[in-house]
Amino acid sequence: MKRKLLILSLISLTIVAFRFIDNPLIVLPKIFPKPVYDFSKNPLSENKIKLGRALFYDPILSRNNMISCASCHSQFSAFTHVDHALSHGIEDKIGFRNSTTLMNLAWQSSFMRDGAINHLDMQALAPISNPVEMDESMIHVVSKLQSNQLYTKLFYKAFGDSVITGEHTLKAISQFMLTLVSCNSKYDSVMRKQTSFTEQENNGYKLFKKNCASCHNEPLFTNDEFRNNGLSLDTSLNDYGRYRVTKNPSDSLKFKVPTLRNIEFSYPYMHDGRFKKLSQVMNHYTNEVIKSKYLSPELDKSIVLSSNEKVDIIAFLLTLTDKSFLFNPQYFYPKEIFLESAKD
Amino acid sequence: MKKTYKLIFISLFFINTSGFAQTNTLKINITPTFGAMVLQLADSLFNANDSTQLQVDVLKFYISKVQLLNDGKIVLEEKNSYHLIDASELKSVLLPIENKENIHFDELQFDLGLDSTTNVSGAMGGDLDPTKGMYWTWQSGFINFKLEGKSKLCKTRNSEFQFHLGGYQQPNYCIQTLRFQITNSNVINLKLDLKKILQQIDLAKTNHIMSPCLEAVLLSKIVANSLTVIEN
């Protein structure tokens, strides 16, 4: 009797464990570390992801119902605001920073270039209430959603409750963002021994590991930390990065080390989008690094690279492009969801 | 076979959640006052420092981790203990005392504000829901205590003052743990005396705290000291 119970509970435990590792709703690549996001507090479900996807693409989250998350985070550029050095928000107001890419967010411990946001769930509050982004309030967003039949339906399906709350709204948006996993670039195939680098890519990979991987380390191509990478201060913005959050002088001009996955399509680069091309980034690291007191020690010794070597590193960086991510239909504008509502 | 287990599980679940065994409830009332008067929001003006008139528009704050103690030992700990006290819709904090009809206690303890774990735990519901307006949007963290109003002393737009106190990281950690001697009864009455708070602030100089800082910690201590038991 007791034994049966034990076996029963063991079986159910393994089912739970198995589900987590092999959750079909999100890929957790074998070579990635353990995610930071606590899925047990917001268990993924198809209907919640679907709701989150609708919310992500719906301008209803903004004051004038014209700006959606996707306005500044578009899929084909790995969910950044392509071609804008500083992002544009409501009524074309210009933001303070270059929009970030959105991918592999489950492995990130803080958000924004200065880490001002401590949890993925809370991220959406920032653009929603920013007067130059969406200029809305969470309480008003919830009341707009509540009076919209599509959303009472979607929330009911997702949470078993058609009473809409801020918590559920944020958790659903997180769910969609958590599914944005990029792990199928050529680099990944090489790591899985399904293909191999060209000679040039391979040389670039070696140089990358020597000069860049101390901050942009594999497999996520970021160490999830804040570093001063020697950029000069743009005095029209006076953006001191991490210092804005901690008020600690040693954090001056430190920014979140960004991932380099899909870097081919996420231009322009850096927190203020100052570089349009990867070749400019390479020239920064070899020639323009400002040796200030708080420069990250990894860059104390100048990086020396010939122009051929720079081209090789760029060739390697292009192997981080993941077309199956950039064109994954599961992340597209959810026409079918919005059409469904137009029909009835 | 399977069915019996299911049944047992289901009935266990109900005993746990239905409050079946709950026999008693302890009521904690926190009444905002201004000196001897009960606070009226927005529509009334108080005479603060004799000469200055003052109006309070918003008063909201969190208490959390409510506990009862006897002889210094915890005898009751509320689970999921988060309460937003809002002067615009005052409600009692109801503490279910399950299975403990004969409980004895001589002290009440709770935190004014929220601890750092709560601050980094993502989106939560109920009194912690982000629609409650008690969460900073541009930089993560809860606002523990919100006090907004007007005073002639403030040389600001519309003579407004705004205190949003919070911060969950040292040295700006604002949470305050409070302990009160109480008598064993079903109702505990506390008051938060705003007069006491505002008399300790020079409104002409300090009228705007909107992010975690040392001043916010200092003011949180003043608020904590202005919360007292109403003797019966």
Side-chain angles (χ1 to χ4, degrees), chain A residues 1 4-5 8-9 12 36-42 96 109-112 114-143 145-146 159 161 163-175 244-248, chain B residues 1-10 12-13 58 60 80 82 84 86 88-89 114-143 146 148 164 166-173 209-217:
Chain A
M1 185 74 169
K4 267 197 179 159
L5 194 67
L8 216 89
S9 50
S12 52
V36 178
Y37 193 87
D38 184 353
F39 288 94
S40 71
K41 288 205 181 124
N42 186 16
F96 180 59
S109 62
S110 67
F111 304 87
M112 299 297 209
D114 54 13
I117 305 296
N118 68 20
H119 195 289
L120 184 60
D121 294 354
M122 306 327 265
Q123 170 70 39
L125 287 177
I128 288 173
S129 17
N130 190 328
V132 300
E133 294 187 331
M134 299 168 113
D135 198 24
E136 249 299 1
S137 73
M138 200 58 202
I139 191 160
H140 194 228
V141 164
V142 167
S143 79
L145 295 173
Q146 192 70 69
F159 292 99
D161 193 348
V163 176
I164 297 171
T165 66
E167 178 194 16
H168 288 166
T169 307
L170 295 181
K171 283 191 162 160
I173 297 174
S174 277
Q175 295 227 346
R244 288 164 56 89
V245 175
T246 63
K247 302 285 183 290
N248 183 344
Chain B
M1 199 39 218
K2 247 192 191 163
K3 253 191 185 158
T4 359
Y5 279 126
K6 243 191 200 163
L7 226 91
I8 293 173
F9 275 126
I10 290 175
L12 272 176
F13 179 75
V58 178
K60 280 171 158 186
N80 253 324
Y82 302 109
L84 180 61
D86 182 345
S88 72
E89 45 170 334
L114 304 171
D115 69 2
S116 51
T117 311
T118 309
N119 270 280
V120 297
S121 295
M124 284 167 286
D127 277 358
L128 300 177
D129 196 276
T131 51
K132 301 284 175 190
M134 295 295 278
Y135 200 91
W136 275 303
T137 55
W138 41 273
Q139 181 173 332
S140 292
F142 278 99
I143 300 167
K146 221 180 208 188
E148 297 177 3
H164 294 184
Y168 65 93
Q169 282 168 314
Q170 294 297 0
N172 302 328
Y173 198 12
I209 299 180
M210 300 292 279
S211 59
C213 60
L214 291 174
E215 263 183 316
V217 178

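A, B, ... follow the sequence lines: proteins, then strands. Residue 1 opens every chain. None of the values given here were measured: they were computed from a predicted structure. All values below were derived from every heavy atom in this structure, side-chain atoms included, with hydrogens, water molecules and symmetry-related copies excluded.
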Option in T131(B), L128(B), N172(B) with maximal non-hydrogen atom pairs under 4.5 Å from chain A
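Counting heavy-atom pairs under 4.5 Å, the top option is T131(B).
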Spatial distance of atom [atom1] ([X]) from atom [atom2] ([Y]) [nearest 0.5 Å]:
X: M124(B); Y: L170(A); atom1: CE; atom2: CG; value: 11.0 Å
X: T246(A); Y: Q169(B); atom1: OG1; atom2: CD; value: 9.5 Å
X: K132(B); Y: M138(A); atom1: NZ; atom2: CE; value: 13.0 Å
X: W138(B); Y: I117(A); atom1: CH2; atom2: CD1; value: 9.5 Å

Would you mind checking which part of [X] comes under 4.5 Å of any heavy atom in chain B, side chain (CB onward), backbone (N, CA, C, O), both or neither?
X: V142(A); result: side chain
X: S129(A); result: side chain
X: N118(A); result: both

Provide the closest heavy-atom pair for [X] versus [Y] in the form atom of the first, atom of the second, distance.
X: P130(B); Y: G166(A); answer: CG-C, 3.8 Å
X: S140(B); Y: M122(A); answer: OG-CB, 4.1 Å
X: T165(A); Y: D129(B); answer: CB-OD2, 3.3 Å

Under 3.5 Å, side chain of D121(A) to main-chain N/O of A123(B), donor-acceptor pair present?
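At least one qualifying donor-acceptor pair exists.
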More than 12 heavy atoms of other residues, nucleotides or ligands under 6.0 Å from CG of N80(B): is that the case?
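Open.
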Is the number of heavy atoms from other residues, nucleotides or ligands under 6.0 Å of Q139(B) CD greater than 12?
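Yes, because the 6.0 Å sphere around CD of Q139(B) holds more than 12 heavy atoms from other groups.
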Please classify the contact of S211(B) with chain A as side chain, backbone, both or neither, using a heavy-atom distance under 4.5 Å.
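Neither part.
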